[in-house]
Amino acid sequence: MTTTETVQPPAAVKTSGINQVLQDTMIIAWRNIRGGMRVPDTQIYMFIQPIMFVVLFAYVFGGAIPVDGVNYREYLMAGIFAQTMAFAVAPASVGLADDMHKGLIDRFRSLPMARSGVIAGRVVSDLCSQFIVLVIMMVCGLIVGWRVNNGVLPFLGGVGLMLLFAFAMLWVGAFIGLSVGNPQVAASAGLIWLFPVVFLSNAFVPPSTMPTIVQNMAEWNPISAIVAAARDLFGNESIIVSDAWPMQHPVPAALIWCALIIVIFAPLAVRKYKAAASK
Amino acid sequence: MNAIIAEGLVKTFGSGEKAVRAVDGVDLVVPEGTVLGLLGPNGAGKTTTVRMLTSLLPLDGGRAEVAGHDVATDPQAVRASIGLSGQYAAVDENLTGRENLWMFGRLYQLSSRQAKKRAEELLEQFALTDAADRPSKTYSGGMRRRLDLAGSLIVHPKVLFLDEPTTGLDPASRLDLWDVIRERVSGGATIMLTTQYLEEADALADRIVVIDQGRIIAEGTADELKAKVGGERIEVVVHDPEALSRAVDVLQRGSDGQCVVDEHTRRLTVPTATGSKGLIQVIRDLDEQNIEIDDIALRRPTLDDVFLELTGHHPEEEKAAEDEQAVAAEGGAK
């Protein structure tokens, strides 16, 4: 070990307020993306899984699930997009649980950085990767026959809605990850409940084919509102045969659901962060 | 000036009847430029104390000042003047050594250029330059500890908290880290060091505080603590079990203290006030009596003896049991 004495100590500079929050958030986001890209799990999640879902559903189920008078592949894509955005829960919960497990959250908390930087950085980096995933899926969708029939602005609205939904689900993921504090548990705790929630919706089949009780659940499922709104915005056939309010007004319903999820889970996640760190 | 002042620190985990006082009225004063060794078994409250002093845990009672800033009311100022190196090497294993140090520098609010420069210096100083561009998960345990420690030295902190910095390191890496710590002290830093290794506290600390079950049970310099346990003693291993009782008589003759007999190992221990003179006398007497011996030595008390005397356990014995307890307590706190 060399013992060269170093130059004059740089004193910690005091910046404060919104600038520091933004800067620290971006540094943590940089760190998540930079480090995450070195992990095979992340690469599979980002590049393989979305392609797999699109191809699998389009070619394997596409022929077997006839939906009357509708191009099923077109019908399907919004469902797969929404499902994958909902899966944002997984990287957020695993990432934060991992940081906690390895003691990195302690390290961050001992630094003179913005308190909110760790969660906000996680949300920013995961939102970036969800955006990349969405683009990859849309390109794959176009290749297998999905089309946007509604003009540029509604299309951008649809993309925005998908990202807003991902943003909302990231807070759910942050809450779960900080609650369990163990990456293995977080991986399953983050996803296990999502499968039934996604399948109990209009994502893959019209709810009108389901038993009445299940049908009612599906119509009021947030996923259904997101998917129906996306189909509207992309100009894909959505065959709504329901009087339920969210199905009649999918775009406002989708926005309300996203807002609700954020309003509930963002404060919960922040509280968990504070509590988790003070253990 | 005192770099660390703590008065009546209290931390309680859990609530109601299950509440555990992990730290129960700890007072500490660490003068600037000195090393305080915080010694105790796992679960004694060492880490909890460090976590309170570094603003990671709110205080349930008492007050604390670090580098002149109140931990409770001005935690951000405390964080800007301290470095913390934890029990688990908390570096991002997916980032390279250089990236880790740059990130920590940025989070200490250095500019990007300053952070880059500081990272280079630290990589050099900790002999990590060759590995600087490898993800830190490929590092050996010793390299990771060095990186972790380097991360806590970014801003030349006035006060450095090292929570079991050498746990799990091989002896050579441990000695390397000791050198780094000594260097920091000669550079004027104040260090609070927790450890389970008594020889580590002995080697590094100016003063030692022993805690058990959240309370301070002893404090002083290593020599003061050893003196508390008693002075030197003579230890004899007798060859023939038959000769044990005669040997006890010989030893007892030259000592005011009680001779302790371990029949199984045929080992006799007796306090002596006369040091090596006493030892020579004992050897003569034993020879005169034709008592054959396998081993004889004059022993000074170690911190192990201190620990045994104060807590009634060997620190090593306690580790396993306390580990389980700590896990259970952690589960209960959730």
| task | List the steps, then state whether side-chain contact (heavy atoms from CB on, under 4.5 Å) holds for B:Asn94 with A:Arg34. | result | CA-CA 8 Å; B:Asn94 295 322; A:Arg34 185 88 188 205; over 6 Å; no
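Contact check for B:Trp102 versus A:Arg31: no side-chain heavy atoms found under the 4.5 Å cut-off. For the pair B:Thr54/A:Arg109, no side-chain contact is recorded, criterion being any heavy-atom separation below 4.5 Å from C-beta on. With a 4.5 Å cut-off on side-chain heavy atoms, A:Trp30 and B:Met103 count as touching.
To the nearest 0.5 Å, the span separating CG on B:Leu107 from OG on A:Ser110 amounts to 10.0 Å. Here the CE-OH distance, from A:Met113 to B:Tyr108, works out to 12.0 Å after rounding to the nearest 0.5 Å.
Between A:Lys102 and B:Asp92 there is no salt bridge, since no side-chain nitrogen of the basic residue lies less than 4.0 Å from a carboxylate oxygen of the acidic one. Using a 4.0 Å cut-off between charged side-chain N and carboxylate O, A:Arg38 and B:Glu93 make no salt bridge.
Other residues, nucleotides and ligands contribute more than 12 heavy atoms inside 6.0 Å of the NZ atom of B:Lys137.
Within the 4.5 angstrom heavy-atom criterion, atoms from both the backbone and the side chain of B:Thr96 approach chain A.
Between the B:Gln76 side chain and the A:Leu111 main chain, no donor and acceptor come within less than 3.5 Å of each other. Looking only at distances, no side-chain donor or acceptor of B:Arg106 sits under 3.5 Å from a matching main-chain atom of A:Gln23.
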